[in-house]
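Working notes for the structure below.
Computation of the quantities below employed the complete heavy-atom set of this structure, encompassing side-chain atoms and omitting hydrogens, waters and symmetry-equivalent molecules. Every chain is numbered from 1, with letters handed out A, B, ... down the list of sequences.
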2 protein chains.
Amino acid sequence: MLKYALLGFLNYKPMTGYDLENYINISTGNFWHARLSQIYMTLKKLEQDGLVTSHVEPQEGRPDRRVYTITEAGRADLSAWLAEPLVELVPGKDPLLLKLFFARSIGKQAVLTQLRVQLELHRKQLEVYRRGLPPEAHEIVREQPELKPETLFWDATRRFGELYEEARVQWLEETIARIEAEFNDI
Amino acid sequence: MLKYALLGFLNYKPMTGYDLENYINISTGNFWHARLSQIYMTLKKLEQDGLVTSHVEPQEGRPDRRVYTITEAGRADLSAWLAEPLVELVPGKDPLLLKLFFARSIGKQAVLTQLRVQLELHRKQLEVYRRGLPPEAHEIVREQPELKPETLFWDATRRFGELYEEARVQWLEETIARIEAEFNDI
DNA sequence: TACGCCATGTAACGGGTTACATGATTCA
DNA sequence: TGAATCATGTAACCCGTTACATGGCGTA
């Protein structure tokens, strides 16, 4: 699926692997991420499959850049994927919930400490989402005004982050209170 | 990490790989899942590492059962993992958000259709969580009354499912309304 | 008659992470 | 002086999925 994140961004404009990592971290870090090593390998595969092309731009004083450009076949592949509806719930994995599920044996105070650490982290992340789209998003639109209509969708994904973190914070507060009241050690 | 789900359940009582899949699907399906093939392979590895032992119970008319039992080393490993606090947010991946991020090009109606499908799915899942812990959870406690105190933690993970689906439903309703109002096609 | 449950496994493959390898420029 | 940024890539490994292989019993 990283494939489609890369095609999606290359559909905005040609870029290097390094650039793509920045775009992904800033724009989709919320719901998708990737390491540079994986991005480089995936780009190579996309080129083999004819979905992107690349050319090297020599630079002085810093490494040469390999710039990737989406092809017509790439655009077609991206469109086909976008058009294909998701008709099932995507089962996720959540290490914190897994730990909590089995956590009784470590004792009341240890559980509460862990949940309070999580509460702090999620409150901070909630603040980040409440600030709206990051300044980099507005810069991108300044440089490419034709992307203006995209911001509705970018902001929708940000808004999900906000609602998700609100739910998480509320749940942590509730769960801490419940464990304080109902957990009877030994 | 499946390792710890398996150790966690084997800490309740000895079981086969097949049993473990049922426990995982019923109890932690919400936030953790695994295929049988992976469960069998992971159990084999746990046995090599001395965290579980196994013995075969012959049966008539159906395949023999290989029953796994957690060892002292296994309990120690589980406890160490449970005690280790999660001090960072876990970055997740969400295919629906990835699709939505790039969805402008497929057009207003296609986007709305996809979001409405999702809304239906999440409303149904929300109903499931609102029904409380599944009947199987109560059966387990009837068979093993010493597990009663665990139900506080089981229900906490269920409650997260409920709040998560509420957030998802609210977000989908909001996003559908926003796209209806603000998406200008062409 | 066919499907689902019980029950265990192997093999090939794909996606992703970590570690390794290199090296100049810029800023605090 | 040291850390961050720019910039690209390979290799080993781990986790997980899909497909393959087997086969009796109970139920609709």
Side-chain angles (χ1 to χ4, degrees), chain A residues 1-7 9 14-26 28-29 31-49 51-52 54-68 81 88 90-95 98 136 139, chain B residues 1-7 9-10 14-26 28-29 31-49 51-52 54-68 81 88 90-95 98 136:
Chain A
M1 300 259 304
L2 173 61
K3 172 184 170 176
Y4 295 109
L6 299 178
L7 289 177
F9 283 118
M15 270 183 265
T16 68
Y18 191 87
D19 294 335
L20 281 161
E21 199 217 12
N22 283 330
Y23 269 73
I24 287 175
N25 286 344
I26 292 164
T28 69
F31 50 87
W32 209 269
H33 61 94
R35 304 277 165 175
L36 262 173
S37 66
Q38 198 199 347
I39 291 172
Y40 285 125
M41 285 192 305
T42 307
L43 284 170
K44 187 173 279 192
K45 179 125 194 306
L46 289 178
E47 189 163 27
Q48 281 165 18
D49 296 348
L51 305 180
V52 302
S54 76
H55 66 275
V56 176
E57 283 183 6
Q59 291 195 122
E60 282 166 39
R62 37 184 74 190
D64 294 349
R65 294 158 52 86
R66 179 175 289 275
V67 178
Y68 288 89
W81 176 73
E88 280 177 24
V90 186
K93 303 204 170 178
D94 189 323
L98 185 61
E136 291 92 336
E139 275 167 43
Chain B
M1 299 257 307
L2 173 61
K3 171 182 169 178
Y4 295 110
L6 299 178
L7 289 175
F9 283 117
L10 290 177
M15 270 184 266
T16 68
Y18 191 87
D19 294 335
L20 281 162
E21 199 217 11
N22 282 329
Y23 270 72
I24 287 175
N25 287 344
I26 293 164
T28 69
F31 51 87
W32 210 268
H33 62 94
R35 304 278 165 175
L36 262 174
S37 66
Q38 197 200 347
I39 291 173
Y40 286 125
M41 285 191 304
T42 307
L43 284 170
K44 188 173 277 191
K45 179 126 196 304
L46 289 178
E47 188 162 28
Q48 280 166 18
D49 295 347
L51 304 180
V52 301
S54 77
H55 66 275
V56 175
E57 284 182 6
Q59 292 195 125
E60 281 165 37
R62 39 184 73 189
D64 295 349
R65 295 157 52 86
R66 180 174 290 273
V67 178
Y68 287 89
W81 175 72
E88 279 176 24
V90 185
K93 303 205 170 177
D94 189 323
L98 184 62
E136 291 92 336

Contacts of type salt bridge (Lys or Arg N to Asp or Glu O under 4.0 Å), residue A:Asp49, not counting sequence neighbours: A:Lys45
A:Leu36 CG to C:dT17 P: how many Å, rounded? 12 Å
When rounded to whole Å, the CG to C1' distance for the pair B:Leu46 and D:dC14 reads 14 Å
Quick check on A:Glu88: does its CD atom have over 12 non-hydrogen neighbours (other residues, nucleotides or ligands) under 6.0 Å away? no
For B:Lys93, salt bridge (Lys or Arg N to Asp or Glu O under 4.0 Å) partners two or more places apart: none
Within the sub-3.5 Å range, which N or O atoms of nucleotides 16-20 of chain D have a protein N or O partner, and how far apart are they?
residue, atom, partner, partner atom, Å
D:dG16, OP2, B:Gln38, NE2, 2.4
D:dG16, O5', B:Gln38, NE2, 3.0
D:dT17, OP2, B:Gln38, OE1, 3.3
D:dT18, OP2, B:Arg35, NH2, 3.4
D:dT18, O4, B:Ser37, OG, 2.9

Can you check whether B:Gln59 has a side-chain N or O nearer than 4.0 Å to OP1 or OP2 of C:dC6? no
Write down the distance between CG (A:Leu6) and P (C:dG15), rounded to a whole number of angstrom. 12 Å
Value in whole Å for how far the P atom of C:dC5 lies from CD of B:Glu21: 11 Å
Among residues at least two apart in sequence or on other chains, which ones pass ring pair (Phe, Tyr, Trp, His ring centres under 6.0 Å) with B:Phe9? A:Phe101, A:Phe102, B:Tyr12, B:Tyr23
Atom CG of B:Asp64 and atom P of D:dT22: how far apart are they, to the nearest Å? 18 Å
Could you tell me which non-hydrogen atom of B:Pro95 sits nearest to which non-hydrogen atom of A:Met1, and how far apart they are? CB-CE, 3.5 Å
Could you write out each protein N or O paired with an N or O of nucleotides 21-28 of chain C at a distance under 3.5 Å?
none

For residues 36-44 of chain B, dump all side-chain donor-acceptor pairs below 3.5 Å to protein atoms at least two apart in sequence or in another chain.
residue, atom, partner, partner atom, Å
B:Thr42, OG1, B:Gln38, O, 2.7

Between B:Tyr40 and C:dG9, is there a side-chain N or O to OP1/OP2 distance below 4.0 Å? no
Is the phosphate of D:dT10, meaning OP1 or OP2, less than 4.0 Å from a side-chain N or O of A:Lys44? yes
Given 3.5 Å as the limit, does a donor-acceptor pair link the side chain of B:Asn25 with the main chain of B:Asn22, or not? no
Write down the distance between CG (B:Leu43) and P (C:dG9), rounded to a whole number of angstrom. 9 Å
Please report, rounded to the nearest Å, how far the P atom of D:dC25 is from the OH atom of B:Tyr18. 16 Å
Using the side-chain contact (heavy atoms from CB on, under 4.5 Å) definition, which of the options B:Leu51, B:Val67, B:Leu20 pairs with B:Leu10? B:Leu20
Does the side chain of A:Leu98 come within less than 4.5 Å of B:Trp81's, by heavy atoms? yes
Whole angstrom is fine here: how far is it from CZ in A:Arg65 over to C1' in D:dC6? 9 Å
